[in-house]
2 protein chains.
Amino acid sequence: MLSIGSLAKRTGVKVPTIRYYEQMGLLKAAERSEGNQRRYERSDLERLAFIRHARDLGLDIPAIRELIRLSEHSQQPCADADRIAAEHLAAVREKIARLRKLEQELDRIVSHCDGGHSIEECYVIRALSDHGLCEGEH
Amino acid sequence: MLSIGSLAKRTGVKVPTIRYYEQMGLLKAAERSEGNQRRYERSDLERLAFIRHARDLGLDIPAIRELIRLSEHSQQPCADADRIAAEHLAAVREKIARLRKLEQELDRIVSHCDGGHSIEECYVIRALSDHGLCEGEH
DNA sequence: ATAATTCCTACAGTCACTAGAGCTTCAAGA
DNA sequence: TCTTGAAGCTCTAGTGACTGTAGGAATTAT
């Protein structure tokens with residue numbers, strides 16, 4: 001049986017975050033010691049590792065909740081789990097695409113300006129003031 | 001003189017967002033009509049366009065506040081404005097790099113699984129349960 | 001004149017935590 | 001056994017950049 005602190009150390013998830021996951025229904029309410037402190041077992045450690053891994057991949061809490069639900073029905077088809085992951089992948093790709101446009105635009109603005117002149121002539125400021133100086137839309 | 005609604009329409013910034021920018025000190029407190037409604041002039045429209053453009057490029061509010069401050073000292077050198085933009089560009093690039101790693105990992109997980117089998121065998125679920133199945137670190 | 005629209009302030013909610021206050025329990029050394 | 005310090009508990013508020021709502025006042029259109 002692990003205390004919340006040891007569970008935190010072993011998984012790299014901070015103590016308040018573990019309590020938060022319990023509150024959000026990702027971890028089932030832990031058993032308690034006589035003095036009302038949480039006590040965890042191996043299965044909790046595995047589930048927390050699952051959650052952390054999913055969060056590291058950027059999945060949000062409702063998605064993780066759903067994945068946990070699915071993982072408990074081992075005989076069901078896995079199409080739903082697939083769909084969640086695929087949708088998230090698509091969202092990540094969209095974010096990348098948007099950021100790449102930003103990167104281009106910022107790069108263009110920054111490299112027009114070498115910091116050696118006055119604000120009045122500064123391309124950074126001028127580009128922000130005047131959308132017409134932009135190349136793409138954003 | 002524009003009402004807050006017309007200013008919103010012309011700039012594409014929502015009415016509550018305009019009030020929020022005023023609260024955050026990006027827009028100076030607007031003049032008021034007899035009945036206490038905000039009235040804007042051309043210069044406010046330009047500043048709001050500046051703010052919106054900067055937000056579209058992903059700059060946060062403190063950065064925008066600083067840029068506005070700088071833009072009001074037209075004789076100062078523009079090194080600070082440059083630095084803000086360059087730092088932001090670097091942050092954007094970092095975000096892209098992180099997302100690309102995620103994309104790779106998610107792609108690998110998703111393409112291992114065609115949705116045609118049971119949860120028990122599902123690569124999505126298994127990959128989340130077992131970090132050992134990952135290629136890179138994240 | 002009246003009805004429809006827009007405006008006002010102030011406050012709650014979003015997401016995934018994080019930090020703090022004020023108190024209790026636990027583990028280890030003397 | 002006692003003490004002390006670390007770790008635990010609950011509850012609340014704060015983060016960033018808005019968005020939404022409630023309840024009421026002002027403005028605009030018919």
Side-chain angles (χ1 to χ4, degrees), chain A residues 1-27 29-40 44 48 50-68 84 87-88 91-92 95 98-99 102 138, chain B residues 1-27 29-40 44 48 50-68 84 87-88 91-92 95 98-99 102 138:
Chain A
M1 298 296 268
L2 300 168
S3 69
I4 197 170
S6 345
L7 184 63
K9 243 176 229 152
R10 279 174 197 242
T11 56
V13 179
K14 285 179 192 157
V15 168
T17 306
I18 295 175
R19 289 197 276 250
Y20 171 74
Y21 287 158
E22 178 183 319
Q23 215 188 334
M24 293 297 102
L26 298 186
L27 289 169
E31 291 176 51
R32 298 294 180 120
S33 73
E34 278 189 18
N36 196 36
Q37 301 194 355
R38 291 171 178 82
R39 292 293 174 257
Y40 296 95
D44 297 311
L48 184 52
F50 180 100
I51 294 166
R52 181 187 148 84
H53 196 178
R55 284 293 302 130
D56 283 348
L57 287 169
L59 288 151
D60 63 16
I61 282 174
I64 297 173
R65 215 181 341 241
E66 179 69 1
L67 285 173
I68 288 172
I84 290 171
E87 278 175 10
H88 181 56
V92 167
K95 246 185 221 165
R98 244 180 308 125
L99 283 173
L102 284 193
H138 36 232
Chain B
M1 299 295 268
L2 299 167
S3 69
I4 196 170
S6 347
L7 183 63
K9 241 175 232 155
R10 279 176 198 240
T11 56
V13 178
K14 287 182 189 153
V15 169
T17 305
I18 296 174
R19 289 197 277 248
Y20 171 74
Y21 288 158
E22 179 183 318
Q23 215 187 334
M24 293 297 101
L26 299 186
L27 289 169
E31 291 176 51
R32 300 294 181 121
S33 72
E34 278 188 20
N36 197 36
Q37 301 195 355
R38 291 170 178 81
R39 292 293 176 258
Y40 295 95
D44 298 310
L48 185 51
F50 180 101
I51 294 166
R52 182 187 148 83
H53 196 179
R55 285 292 303 128
D56 284 348
L57 287 169
L59 289 152
D60 62 15
I61 282 172
I64 297 174
R65 215 181 339 241
E66 179 68 2
L67 284 173
I68 288 172
I84 290 171
E87 279 174 9
H88 181 57
V92 167
K95 248 186 219 163
R98 246 180 306 125
L99 284 173
L102 283 193
H138 38 231

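Chain letters run A, B, ... following the sequence lines, proteins first and then strands; every chain starts at 1. Please read all numbers here as calculations on a predicted model, not as lab measurements.
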Chemist: Please list, chain by chain and in numerical order, all residues satisfying side-chain contact (heavy atoms from CB on, under 4.5 Å) with Lys9(B), sequence neighbours excluded.
Modeler: none
Chemist: Please identify each residue that fulfils salt bridge (charged side-chain N to carboxylate O under 4.0 Å, His left out) with Glu31(A), with sequence neighbours left out.
Modeler: none
Chemist: Would you tabulate the side-chain donor-acceptor contacts of residues 10-25 of chain B under 3.5 Å, counting partners in other chains and residues two or more places apart, or write 'none'?
Modeler:
residue, atom, partner, partner atom, Å
Thr11(B), OG1, Leu7(B), O, 2.8
Thr11(B), OG1, Val13(B), N, 3.3
Glu22(B), OE1, Arg38(B), NE, 2.8

Chemist: What pairs with Glu87(B) under side-chain contact (heavy atoms from CB on, under 4.5 Å), at least two apart in sequence or on another chain?
Modeler: Arg83(B)
Chemist: Can you tell me if Ser3(A) touches the phosphate of dG8(D), counting only side-chain N or O atoms and a distance under 4.0 Å to OP1 or OP2?
Modeler: yes
Chemist: Counting N and O atoms only, with roles assigned by atom type, does the side chain of His88(A) sit under 3.5 Å from a partner on the main chain of Leu57(A), one being a donor and the other an acceptor?
Modeler: yes
Chemist: Check the distance between dA7(D)'s P and Ile18(A)'s CD1 and give it to me in whole angstrom.
Modeler: 14 Å
Chemist: Please identify the 5'-most and 3'-most nucleotides of DNA chain C with any atom under 4.0 angstrom from a heavy atom of chain B.
Modeler: dC7(C) to dT9(C)
Chemist: Where is the tightest heavy-atom contact between Ala30(A) and Tyr40(A), given as atom of each residue plus distance?
Modeler: CB-CE2, 3.5 Å
Chemist: Protein within reach of the bases, or only the backbone? For nucleotides 9-18 of chain D, mark each nucleotide 5' to 3' as B, S or -, using heavy atoms under 4.0 Å.
Modeler: SB------BB
Chemist: For Ser33(B), check side chain to side chain donor-acceptor pair (under 3.5 Å) against everything at least two apart and list the hits.
Modeler: none
Chemist: Give, for atom CD1 of Ile64(A) and atom CZ of Arg52(A), the distance between the pair rounded to the nearest 0.5 Å.
Modeler: 11.5 Å
